[in-house]
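Taking it in order: structure first as structure tokens, then the write-up.
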Amino acid sequence: MATTLEGIIAYPVTPFSRTDGSLDLVRLAALIERLIAGGCHAIAPLGSTGESAYLDDAEWYAAAEASVSAVAGRVPTVVGIADLTTRSAVRRARFAEKVGADVVMVLPLSYWRLDEREITRHYTTIADAVGIPLMVYNNPATAGVDLPPELLHRLVTEVDNITMVKESSGDIQRMHRLTQLSDGALPFYNGSNPLALAAFAAGASGWCTAAPCVIPELTLELYRAVQAGDLDRAREVYYRQLPVLRFLLGGGLPTTVKAGLALRGLDVGEPRKPLLPLDEAGTAELARLLAAAA
């Protein structure tokens, strides 16, 4: 329960074989090694970038175990949990804890619209099932569920091992509200790449991002500048990477990040259908943006 997160929390993609589309755990380990060597402060497999929704159960369990093994305790591992049913989410959270994850990050998914009572029961049940900290993840664009700041704050204050929040709605005012509600005591993390600088100014403890897969130096330098209180340097580094951040997000993270990794010399295969690989024009534009940011 003592795990705390800060800094750059890196999201690896899930590599697939170009031959048959199967899980490529060797390249997953290689990518995680690159992220740790680049200085990232935590690794968060099986988020939206990791195409968790497109993995079957056996693949999900294999990727979770392989990721924790590759990290090998050098930095915290934050395993993403997202499932339509509370029962399956509990099963995955328990597995993540069993194989050595430090934190589970839980995104609520919904076919039927959930009310606050149902959301609270979902999170409380998962939190009660594990002994490691739980991060509540708000990303209405992918989950179909929107968790307002007041609910996020209540979950953290009322449930013992729900200890932190990832806010990915893209609304900076929600981060300011979290700071106000908790008097700055609630650890929250930015999940919207274009808000990186504004989120740190709002009090974010860290930045959850797949950007280190392709621009690790710039993401780390932004955090260092913020920590040093060097606003001029932070702005300069932020504006250098902003076109890349916007491109990655706008084109769909699994698609754009996998293309960027190939440009950086690590072929992690194509995204899983129905997603498609980045087209030729998009790849050329990404190559141009990466070169301009260097």
Side-chain angles (χ1 to χ4, degrees), residues 9-38 40 42-75 77-85 87-101 104-107 109 137 139 142-143 208-214 216 248 251-280 282-283 286:
I9 302 163
Y11 283 65
V13 298
T14 299
F16 300 119
S17 166
R18 286 195 180 274
T19 303
D20 59 8
S22 62
L23 204 62
D24 190 336
L25 298 180
V26 173
R27 281 187 168 81
L28 176 59
L31 174 55
I32 289 172
E33 192 63 37
R34 282 170 59 146
L35 292 169
I36 294 175
C40 294
I43 304 296
L46 297 170
S48 304
T49 302
E51 296 178 78
S52 178
Y54 299 150
L55 303 180
D56 63 32
D57 282 344
E59 289 175 324
W60 190 94
Y61 290 123
E65 186 167 15
S67 297
V68 175
S69 177
V71 174
R74 290 173 289 174
V75 297
T77 305
V78 183
V79 173
I81 309 289
D83 203 282
L84 284 170
T85 68
R87 180 177 62 178
S88 294
V90 164
R91 185 163 57 244
R92 290 189 174 191
R94 284 176 169 162
F95 182 84
E97 181 180 27
K98 178 183 176 181
V99 299
V104 288
M105 179 188 68
V106 179
L107 176 74
L109 297 178
Y137 178 16
N139 190 346
T142 59
C208 299
T209 176
C213 292
V214 294
L248 293 178
L253 287 169
T255 296
T256 55
V257 174
K258 285 188 170 183
L261 280 165
L263 289 169
R264 294 298 199 204
L266 182 61
D267 183 2
V268 291
E270 297 182 355
R272 184 160 281 178
K273 293 180 178 64
L275 300 180
L276 292 173
L278 194 61
D279 61 22
E280 186 176 345
T283 301
L286 179 55

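Positions are given from 1 along the sequence.
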Quick one: closest heavy-atom pair of [X] and [Y], and the distance?
X: P45; Y: T77; result: CD-CG2, 3.9 Å
X: L248; Y: A211; result: CD1-CA, 4.2 Å
X: N139; Y: Y137; result: ND2-OH, 2.9 Å
X: G265; Y: R34; result: C-NH1, 4.3 Å
X: L109; Y: T142; result: CD2-O, 4.4 Å
X: A44; Y: P12; result: O-CD, 3.4 Å

Is there side-chain contact between [X] and [Y], with heavy atoms separated by less than 4.5 Å?
X: Y11; Y: T209; value: no
X: E59; Y: Y54; value: no
X: W60; Y: I81; value: yes

Check your understanding: Is it true that a side-chain atom of E51 and a backbone atom of P254 form a donor plus acceptor pair closer than 3.5 Å?
Key ->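 Looks like no, no N/O pair under 3.5 Å.
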Check your understanding: Quick check: does any side chain N or O of S52 sit under 3.5 Å from a backbone N or O of S48, one acting as donor and the other as acceptor?
Key ->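 No, because the side chain of S52 does not come within donor-acceptor range (under 3.5 Å) of the backbone of S48.
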Nearest 0.5 angstrom please: [X] [atom1] to [Y] [atom2], how far?
X: I32; Y: L28; atom1: CD1; atom2: CG; result: 4.0 Å
X: Y61; Y: L55; atom1: OH; atom2: CG; result: 12.0 Å
X: R92; Y: L46; atom1: CZ; atom2: CG; result: 8.0 Å
X: L31; Y: L261; atom1: CG; atom2: CG; result: 5.5 Å
X: K258; Y: T256; atom1: NZ; atom2: OG1; result: 11.0 Å
X: E270; Y: T255; atom1: CD; atom2: OG1; result: 9.5 Å

Practice item. Report the residue from I36, V78, L35 that forms a side-chain contact (heavy atoms from CB on, under 4.5 Å) with V71. Key: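 Running side-chain contact (heavy atoms from CB on, under 4.5 Å) over I36, V78, L35 with V71 returns exactly one hit, I36.
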**Study point:** Residues R27 and D267 bridged, charged N to O under 4.0 Å
**Key:**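 No, R27 and D267 are not salt-bridged.
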